[in-house]
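Reading through the structure tokens given below for one structure.
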Amino acid sequence: MTLAHQIRLNPTCKQEAYFRRACGTARFTYNYALQAWKEAYELGEKPSGRSLRAKFNSIREAEFPWSFEVHRDCTARPFDNLQRAFTSFFRRLKEGKKPGYPRFKKRGIRDSFYVANDKLTLNRRTVKLPLIGTIKMREALRFQGKVLGATVKRIADGWFLSVQVDVGDYQKDRIAEGIVGVDLGLKSSVTLSDVTVIQGPKPLRSALRKLKRESRWHSRKVKGSNNRRKASLKLARVHRRVSWIRNDFLHKLTSKLCRENQAIGIEDLAVGNLSRNHHLALGILDEGWAEFRRQLEYKSLIYGAYIQVFPRFYPSSKTCSNCGLVKDSLPLSERVFRCGGCGFTCDRDVNASLNLVPTVSREFTPVDKEALAKSPLDSVKLLWMKQELTGTYLCVPER
């Protein structure tokens, strides 16, 4: 299993100048490779990241001698990134989806560069990078294992080192063996089947007034001026704070769910389609539903929990959790579920979470349970198993 730890750096002015130069070189190399790929494809050729890198290296010394001022990974890694981008693009195109074509990188947006593990030396509170030496870190590396590489990136006015570590058989013990259904919503962020209601911080909605003010000040500054650059940093710091508050809440919530439950039931929500509704988009994206599921999936492997994902069109809100009767319609304005068959009444979110309680005993045979119990987490993969009996999906570790 591979985990990443993002650590804030304290670079000197000279080191920060090198970071900016390295990010610019990596951005230029990626854009050069993308342009060369498009030209070769239009001529009927079949380009690849390896062939484009060989072509770039052959003309690099004559046309781009300034690229030697940074270490080699800044000009080598972008070709691998482009290859992966096009591989994903053609794969999704073959599946009948509508993927986005790889786009050129812009200055100041997601500035980053890669450092391979053979050029990286990590100590307790310092990291040694090629050409610039030792840099102080705000905290020590959290995980033990083989360091696979690292990415130096800028977020607002701060520089961060994201270290990828192969932790091997990384497991943590659960403190309870509960089984819970999780319903995500807007009025209450999370409703559990044990009638626990969790309200999220809604960081974007809380900071919306400040974001509008900072955006207005930023738009009034002259393009290219120092005042506009300062306003950009102020705006970026507000966005960074919003994302940090949201991630902190999601990490604590998903860790708590996986640590206290052996099985968790959730819905397969199409967040991209739901966010097309402009009346609900702000609330949906502010809650971070997609990130919640992503964190829940990989943490379930660490704690050995099972994630049961109910089908996308499963009527969890319209189904009576007491007798199983399905209503024809249930508008969003109706916050209390009332069953016309058995007379059962409860909050609609609680009713939905009760319908999402996983049925682990019906999903796995004894042979499956024995095989999954012996499965080491250092070689796990996400396996989506469709059960013909219940029509549900499970995210389970596989050998």
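When reading the values below, keep in mind they use all heavy atoms of this one structure, side chains included, and skip hydrogens, waters and symmetry mates. Here, residue 1 is the first one in the sequence, and each next residue gets the next number.
Note on D80 versus R53: salt bridge recorded, some NZ/NE/NH1/NH2 to OD/OE distance being below 4.0 Å. With respect to D286 and K202, no salt bridge is recorded, no charged nitrogen being found less than 4.0 Å from a carboxylate O. A salt bridge does not link E214 to K210: none of the charged side-chain nitrogens sits closer than 4.0 Å to a carboxylate oxygen. We find that D111 and R27 are joined by a salt bridge, their nearest charged nitrogen and carboxylate oxygen being less than 4.0 Å apart. In this structure, E291 pairs ionically with R294, as a charged nitrogen and a carboxylate oxygen lie closer than 4.0 Å. Using a 4.0 Å cut-off between a side-chain N of Lys or Arg and a carboxylate O of Asp or Glu, K146 and D118 do not qualify as a salt bridge. At a threshold of 4.0 Å, the pair E334-K327 counts as salt-bridged, since one of the basic side-chain nitrogens sits closer than that to a carboxylate oxygen. Contact check on D248 versus K252 returns a salt bridge, with a Lys/Arg side-chain nitrogen under 4.0 Å from an Asp/Glu carboxylate oxygen. A salt bridge links R174 to E177: at least one charged side-chain nitrogen sits closer than 4.0 Å to a carboxylate oxygen.
In this structure, Q144 places its CD atom where only 12 or fewer heavy-atom neighbours from other residues, nucleotides or ligands lie under 6.0 Å away. The neighbour count for R213 CZ, taken as heavy atoms of other residues, nucleotides or ligands under 6.0 Å away, is above 12.
Each of V70 and Y114 belongs to its own hydrophobic cluster when Ile, Leu, Val, Met, Phe, Trp and Tyr are linked at side-chain heavy-atom distances under 4.5 angstrom. Cluster membership check: L250 shares its hydrophobic cluster with L274, using side-chain heavy-atom separations under 4.5 Å among Ile, Leu, Val, Met, Phe, Trp and Tyr. Linking Ile, Leu, Val, Met, Phe, Trp and Tyr whenever their side-chain heavy atoms come within less than 4.5 Å leaves V242 and I155 in two separate clusters. In this structure, F28 is not a member of the same hydrophobic cluster as F68, with clusters built from ILVMFWY side-chain heavy atoms closer than 4.5 Å. I245 and V238 are not part of a single hydrophobic cluster, where members link through side-chain heavy atoms under 4.5 Å apart.
When side chains are defined from C-beta on, C339 counts as touching F337, because their heavy atoms get closer than 4.5 Å. Two residues are said to be in side-chain contact when any heavy atoms from C-beta on lie closer than 4.5 Å; L43 and E39 fail this criterion. Contact of the V165 side chain with the L3 side chain is not registered, since no non-hydrogen atoms from C-beta on lie closer than 4.5 Å. Looking at heavy atoms from C-beta onward, F64 lies out of side-chain contact with T25 at the 4.5 angstrom threshold. For the pair I264/L296, a side-chain contact is recorded, criterion being any heavy-atom separation below 4.5 Å from C-beta on. Between L9 and K136 the shortest side-chain heavy-atom distance does not fall below 4.5 Å. Side-chain contact between R20 and R154 is present, with heavy atoms from C-beta onward closer than 4.5 Å. No side-chain heavy atom of K98 sits under 4.5 Å from any side-chain heavy atom of R92.
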Show which side-chain atoms of residues 190-199 pair as donor or acceptor with protein atoms under 3.5 Å away, not counting sequence neighbours.
{"residue": "T191", "atom": "OG1", "partner": "S188", "partner atom": "OG", "Å": "3.1"}
{"residue": "S193", "atom": "OG", "partner": "G181", "partner atom": "N", "Å": "3.0"}
{"residue": "D194", "atom": "OD1", "partner": "T196", "partner atom": "N", "Å": "3.2"}
{"residue": "D194", "atom": "OD1", "partner": "T196", "partner atom": "OG1", "Å": "2.9"}
{"residue": "D194", "atom": "OD2", "partner": "T196", "partner atom": "OG1", "Å": "3.4"}

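F344 and S321 get closest at one heavy-atom pair: CE2-OG, 3.4 Å. When all heavy atoms of I302 and M1 are compared, the pair lying nearest together is CG1-SD, 3.7 Å. Contact between I284 and S275 at its shortest, heavy atoms only, is CD1-N, 4.4 Å. R293 approaches L269 most closely through the heavy-atom pair NH1-N, 4.3 Å. Closest of all the heavy-atom pairs between N117 and V147 is CB-O, 3.2 Å. Across every non-hydrogen atom of L235 and S215, the tightest pair is CD1-OG, 3.5 Å.
Side-chain atoms of S316 and E267 include a donor-acceptor pair closer than 3.5 Å. At a cut-off of 3.5 Å, with distance as the only test, a side-chain donor of T254 or K299 sits close to an acceptor on the other residue. With no hydrogens or angles considered, no side-chain donor-acceptor pair links S162 and K153 at under 3.5 Å. Looking at R60 and T75, their side chains do bring a donor and an acceptor atom within 3.5 Å of each other. Using modelled atom types, one finds no donor on one side chain facing an acceptor on the other under 3.5 Å when comparing T319 with N355.
Residue N277 holds its CG atom at 11.5 Å from CG of N273, rounded to the nearest 0.5 Å.
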What verdict does the side chain to side chain contact (heavy atoms under 4.5 Å, CB included) test give for V357 and Q308, after you've listed the backbone C-alpha separation in whole Å, the side-chain angles of each residue and the deciding distance to 0.1 Å? CA-CA 9 Å; V357 175; Q308 180 170 338; over 6 Å; no
Determine, stepwise, if the pair F249 / W244 fulfils ring-ring contact (aromatic ring centres under 6.0 Å, His included). CA-CA 9 Å; F249 167 73; W244 281 357; over 10 Å; no
Stepwise side chain to side chain contact (heavy atoms under 4.5 Å, CB included) check, Q83 with T87: CA-CA 6 Å; Q83 179 66 60; T87 300; 3.3 Å; yes
List the steps, then state whether side chain to side chain contact (heavy atoms under 4.5 Å, CB included) holds for L184 with I266. CA-CA 8 Å; L184 301 177; I266 59 174; over 6 Å; no
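Residues meeting the side-chain contact (heavy atoms from CB on, under 4.5 Å) test with H71, sequence neighbours left out: Y18, D73, C74, F113, V115, P130, L131. In terms of the side-chain contact (heavy atoms from CB on, under 4.5 Å) criterion, residue partners of A156 (sequence neighbours excluded) are, by chain and number, A236, R237, R240. Partners of A54 under the side-chain contact (heavy atoms from CB on, under 4.5 Å) rule, at least two apart in sequence or in another chain, do not exist in this structure. In this view, R335 and K187, R348, D349 satisfy the side-chain contact (heavy atoms from CB on, under 4.5 Å) rule, not counting sequence neighbours. Applying the side-chain hydrogen bond (donor to acceptor under 3.5 Å, both in side chains) test to S219 and every residue at least two apart in sequence or in another chain returns nothing.
Checked options F79, Y101, Y41; the residue passing with F86 is Y101 (criterion: ring-ring contact (aromatic ring centres under 6.0 Å, His included)). Partner of Q171 under the side-chain contact (heavy atoms from CB on, under 4.5 Å) criterion, chosen from D169, D173, V167: D169.
The closest donor-acceptor contact from the side chain of Q295 to the backbone of F292 lies at 3.5 Å or more, if one exists at all. Proximity of a side-chain donor or acceptor of H218 to a complementary backbone N or O of A231 within less than 3.5 Å is not detected. The main-chain N or O of A85 is never found under 3.5 Å from a side-chain atom of S88 such that the two would form a donor-acceptor pair. Looking at N261, its side chain never comes within 3.5 Å of a backbone N or O of C258 through a donor-acceptor pair. Counting only distance, with no hydrogens or angles, the side chain of Q15 and the backbone of T134 share a donor-acceptor pair below 3.5 Å. Judged purely by atom type and a 3.5 angstrom limit, K55 has no side-chain atom pairing as donor or acceptor with the backbone of S51.
Aromatic rings from F104 and Y30 are positioned such that their centres are separated by 6.0 Å or more. A centroid separation of 6.0 Å or more is found between the aromatic rings of W37 and Y32.
Note: F19 and W159 have tilted aromatic rings, judged against thresholds of 30 and 60 degrees for the angle between ring planes.
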